[in-house]
Amino acid sequence: MHRQITGRLVIATHNKGKLAEMRELLARHGVEAVAAADLKLPEPEETGTSFGANAHIKAEAAARAAGLPAFADDSGLAVDALDGAPGIYSARWAGDTKDFRHAMERVEAGLRERDAFTPEQRKAHFVSALCVAWPDGYAEEFEGRVDGTLVWPPRGERGFGYDPMFLPDGFDQTFGEMTSEQKHGLPPNGQGLSHRARAFAKLAEACLERR
């Protein structure tokens with residue numbers, strides 16, 4: 001039996017791009033989302049060895065500190081030719097300044113070192129692990145994935161992170177070129193395309209009231 005999310009929910013992220021997406025996804029369910037940064041909650045050290053473990057660490061820490069249910073995402077880009085890198089270190093590849101142009105250049109340099117130039121050699125996928133934790137220690141976890149190909153140079157100024165170099169399978173626009181509705185809008189207005197939207201759809205089915 002899944003536990004339902006009601007009332008206020010802490011979004012355990014200091015990433016403005018993720019925060020905006022999560023708020024959009026939650027709004028239709030009548031949940032009041034408050035940012036961890038607004039509550040001045042510290043960011044816990046992400047010591048997990050998987051996306052799911054890190055999402056759990058962040059959600060649990062926020063729930064205990066705020067005394068409210070907390071919602072966390074851990075997500076990243078896994079590149080086949082780079083043996084799954086940057087993976088759980090996707091944000092760290094951008095450095096302390098969160099320079100994702102530099103991170104994308106690191107990915108591209110790695111592909112070139114491996115002579116990966118054709119679309120078949122540049123396959124990658126985004127993963128999103130979502131965790132909702134309550135102050136009593138109870139937690140629910142969900143995961144979504146979207147497959148695609150990496151392009152160079154990056155295209156588009158929308159989205160965030162590695163979005164401008166990620167071309168989802170079956171589309172001719174990168175995530176960086178898509179509107180927010182195209183990227184993570186849920187039915188009936190969108191296709192639930194992104195990894196985060198796919199994970200959120202599972203979470204909503206289990207833990208959120210339909211509006």
For atom CD of E46, is the number of surrounding heavy atoms from other residues, nucleotides or ligands below 6.0 Å larger than 12?
yes
Within a radius of less than 6.0 Å around CD of Q4, do more than 12 heavy atoms belonging to other residues, nucleotides or ligands occur?
yes
Please check if the side chain of [X] supplies one atom and the backbone of [Y] the other of a donor-acceptor pair under 3.5 Å.
| X | Y | answer |
| --- | --- | --- |
| Y162 | S90 | yes |
| K202 | E143 | yes |
| E140 | R3 | yes |
| R158 | E177 | yes |
| R114 | L82 | no |

Are any of the side-chain nitrogens in [X] or [Y] under 4.0 Å away from the carboxylate oxygens of its partner?
| X | Y | result |
| --- | --- | --- |
| R122 | D80 | no |
| R145 | D147 | yes |
| D74 | K58 | yes |
| R155 | D163 | no |

Approximate separation, where rounding is to 0.5 Å, of [X] [atom1] and [Y] [atom2]:
| X | Y | atom1 | atom2 | answer |
| --- | --- | --- | --- | --- |
| T149 | H125 | OG1 | NE2 | 13.0 Å |
| E181 | L193 | CD | CG | 11.5 Å |
| I5 | L68 | CD1 | CG | 12.5 Å |
| S194 | M178 | OG | CE | 10.0 Å |
| K16 | F160 | NZ | CZ | 13.5 Å |
| R198 | L130 | CZ | CG | 13.5 Å |

Can you tell me how the ring of F175 sits relative to the ring of F166, calling it parallel under 30°, perpendicular over 60° and tilted otherwise?
tilted
Have D73 and S75 got a donor and an acceptor in their side chains that come within less than 3.5 Å?
yes
Same cluster or not: [X] versus [Y], using hydrophobic residues (I, L, V, M, F, W, Y) connected whenever any side-chain heavy atoms lie under 4.5 Å apart?
| X | Y | value |
| --- | --- | --- |
| F71 | W134 | yes |
| L19 | I57 | no |
| F117 | M165 | no |
| V10 | F142 | no |
| F100 | L111 | yes |

For residues [X] and [Y], report the shortest heavy-atom separation together with the two atoms involved.
| X | Y | answer |
| --- | --- | --- |
| L26 | A33 | CD1-CB, 4.1 Å |
| M104 | W152 | O-CZ3, 3.6 Å |
| P164 | T174 | O-CG2, 3.6 Å |
| A12 | A72 | CB-CB, 4.0 Å |
| P86 | V79 | CD-CG2, 4.2 Å |
| S180 | E24 | OG-OE1, 3.6 Å |

ring-ring contact (aromatic ring centres under 6.0 Å, His included), that's the test. Do Y89 and W93 meet it? Break it down for me.
CA-CA 6 Å; Y89 304 108; W93 276 37; 8.7 Å; no
